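So the structure is just underneath, and the comments pick up after that.
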Amino acid sequence: MRLENKVAIITGAGSGIGRETALLFAREGAKVVVADISEKNGRDVVEEIKRSGGEGFFIRVDVSSREQSKQMAKDTLERYGRIDVMIFNAGIVQDSLLIKMTEEQWDKVIDINLKGAFNCSQAVLDAMISQGSGVILNASSIVGLYGNVGQVNYAASKSGLIGMTKTLAKELGRKGIRVNAVAPGFIATPMTAGVPEKILEMMREKTPLRRLGEPSDIAYAYLYLASDEARFVNGAVLSVDGGLVI
Ligand code: NAP
């Protein structure tokens with residue numbers, strides 16, 4: 001098993017990519033902290049982990065809250081005594097062209113997608129520094145690399161995560177902490193469920209591998225980056241998009 005006895009917090013683990021990653025990490029031997037704003041979804045994921053013989057527990061967290069993010073780290077330490085991996089995967093969209101975007105739409109996306117990463121990284125830092133090891137992984141997006149019409153708030157948050165990832169990789173490397181990001185392409189999850197078939201077909205056609213991504217495509221990237229196999233990978237942004245943007 002590739003994550004035997006490692007303790008991994010995964011935010012947004014109640015749905016989509018986070019859910020798949022939580023299940024995979026548990027199969028690979030990790031103790032998984034399923035951290036999500038949705039209690040029902042999060043508890044369902046923990047039940048699934050336990051049914052398959054894995055170990056994990058649920059914490060309700062709104063990552064935009066500094067207090068709740070700190071509490072998440074505290075509860076994890078009380079339960080498992082260490083934090084090896086923190087995946088900042090929680091994220092939302094509130095799409096609109098700039099001309100119509102409200103301040104609320106801008107603030108909400110930045111607060112959750114970007115400030116949330118600040119809150120969660122800071123919350124796990126003391127534990128990782130005193131262990132002398134740790135892995136922080138951020139969910140960026142190809143939208144953060146290349147932009148996308150109607151997503152100025154989302155693109156800013158996902159580009160911001162790339163800047164944060166590189167900066168923290170420089171700040172924290174000497175403390176034994178690796179920080180990397182994954183930039184998924186178009187992945188079939190509840191977040192993208194409302195996209196019209198015409199657009200989906202266009203995405204498939206533009207992707208050299210001729211299909212949309214599945215949550216497990218991203219979960220395996222997280223697995224590699226979280227494992228000791230990636231021990232010399234730091235400050236990287238791994239595109240997992242089937243070659244959609246080359
Ligand atoms: P998803 O299915 O919508 O899952 C996101 C999870 O985060 C949901 O369980 C959601 O709960 C939770 N969440 C929302 N706000 C939160 C908050 N304030 N605190 C804690 N948890 C919160 O999305 P996904 O497609 O798996 O995406 C996961 C990550 O990958 C996101 O950061 C997304 O931006 C990124 N990504 C996705 C794609 C894609 O094509 N799907 C592409 C590139 C990047 P609720 O359901 O209750 O809101």
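Just so we're clear, the structure is a prediction, and the values are computed from it rather than from any experiment. Each ligand, and each atom within it, is numbered from 1 in the order the structure gives.
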*In the protein, what heavy atom is nearest to atom 5 (C) of ligand 1, and what distance, to one decimal place, separates them?*
Gly91 O, 4.0 Å

*Protein residue, atom and distance nearest to atom 19 (N) of ligand 1, heavy-atom basis*: Val63 N, 3.0 Å

*From atom 36 (N) of ligand 1, work out which of Phe186, Phe88, Tyr154 has a heavy atom at the shortest distance.*
Tyr154

*asked:* Taking distance alone, with N or O pairs closer than 3.5 Å, would you say Ser38 contacts ligand 1?
replied: no

*asked:* Are Leu24 and Arg2 packed together at the side-chain level, in the sense that at least one heavy-atom pair is separated by less than 4.5 angstrom?
replied: no

*asked:* If I take atom CG from residue Asp241 and atom CG from residue Leu145, how far apart are they, to the nearest 0.5 angstrom?
replied: 9.0 Å

_Between Asn180 and Ala236 (side chain of the first, backbone of the second, donor and acceptor by atom type, cut-off under 3.5 Å), is there such a pair?_
yes

_Per-atom contacts of ligand 1 with Gly16, taking only distances under 4.0 Å to non-hydrogen atoms_ = 2 (O), 26 (O)

*Heavy-atom pair of closest approach, residues Val61 and Ala35*: CG1-CB, 3.7 Å

*Among protein heavy atoms, which sits nearest to atom 38 (C) of ligand 1, and what does the distance come to when rounded to 0.1 Å?*
Gly185 O, 4.0 Å

*So between Thr189, Leu212, Ile92, whose heavy atom ends up nearest atom 25 (O) of ligand 1?*
Thr189

*What is the minimum heavy-atom distance between Ala117 and Asn138, and which atoms define it?*
CB-OD1, 4.3 Å

*asked:* Ignoring hydrogens, what is the shortest heavy-atom contact between Gly42 and Val34? Give both atom names and the distance.
replied: O-CG1, 3.7 Å

*Going by heavy-atom distance to atom 1 (P) of ligand 1, choose the closest among Ala13, Ser65, Ser15.*
Ser15

*If you measure from the Lys or Arg side-chain nitrogens to the Asp or Glu carboxylate oxygens, is any gap between Arg204 and Glu201 under 4.0 Å?*
yes

*Within a distance under 4.0 Å of any heavy atom of Val61, pick out the atoms of ligand 1 and give their elements.*
19 (N), 20 (C)

*Protein residue, atom and distance nearest to atom 16 (C) of ligand 1, heavy-atom basis*: Ile37 CG2, 3.8 Å

*Specify the protein heavy atom at minimum distance from atom 3 (O) of ligand 1: its residue, its atom name, and the distance to 0.1 Å.*
Met191 CB, 3.7 Å

_Starting from Ile83, can I reach Ile129 by hopping between I/L/V/M/F/W/Y residues whose side chains sit under 4.5 Å apart?_
yes

*Go through Asp126 and Lys70 one step at a time and tell me if the salt bridge (charged side-chain N to carboxylate O under 4.0 Å, His left out) criterion holds.*
CA-CA 11 Å; Asp126 280 347; Lys70 277 189 210 154; over 6 Å; no

*What are the two closest non-hydrogen atoms of Val143 and Tyr154, and how far apart are they?*
CG1-CD2, 3.8 Å

_Short N or O distance, Ile17 and ligand 1, threshold 3.5 Å exclusive_ = yes

_Using the ring centroid of each side chain, check whether Phe25 and Tyr222 are separated by less than 6.0 Å._
no

*Between Ala139, Ser140, Pro215, which one has a non-hydrogen atom sitting closest to atom 44 (C) of ligand 1?*
Ser140

*Starting from atom 46 (O) of ligand 1, find the nearest protein heavy-atom neighbour and note its residue, name and distance.*
Asn41 ND2, 4.5 Å

*Could you tell me whether Asp62 and ligand 1 have an N or O pair separated by under 3.5 Å?*
yes

_Nearest non-hydrogen protein atom, atom 7 (O) of ligand 1_ = Gly12 CA, 3.4 Å

*Judging by distance only, is a nitrogen or oxygen of Ser64 under 3.5 angstrom from one on ligand 1?*
no

*Is there a side-chain contact between Ile37 and Arg60 (heavy atoms, below 4.5 Å)?*
yes

*Should one rank Val240, Leu161, Ile187 by closest heavy-atom distance to atom 40 (O) of ligand 1, which comes out on top?*
Ile187

*Strictly under 4.0 Å, does any heavy atom of Asp36 approach an atom of ligand 1?*
yes

*Non-hydrogen atoms of Ser159 and Gly144 that approach each other most closely*: OG-O, 2.6 Å

*Which atoms of ligand 1 have any heavy atom of Thr192 under 4.0 Å away?*
39 (C), 40 (O), 41 (N)

*Name the closest protein heavy atom to atom 31 (C) of ligand 1, giving the residue it belongs to and the distance to 0.1 Å.*
Asn89 O, 3.2 Å

*Answer yes or no: are there more than 12 heavy-atom neighbours, outside Arg210 itself, under 6.0 Å from its atom CZ?*
yes

_Check contact between Lys158 and ligand 1, using heavy atoms of the residue and a distance below 4.0 angstrom._
yes

*Could you list which atoms of ligand 1 come closer than 4.0 Å to a heavy atom of Ile112?*
18 (N)

*Should Pro184 be counted as touching ligand 1, given the test is an N or O pair under 3.5 Å?*
no

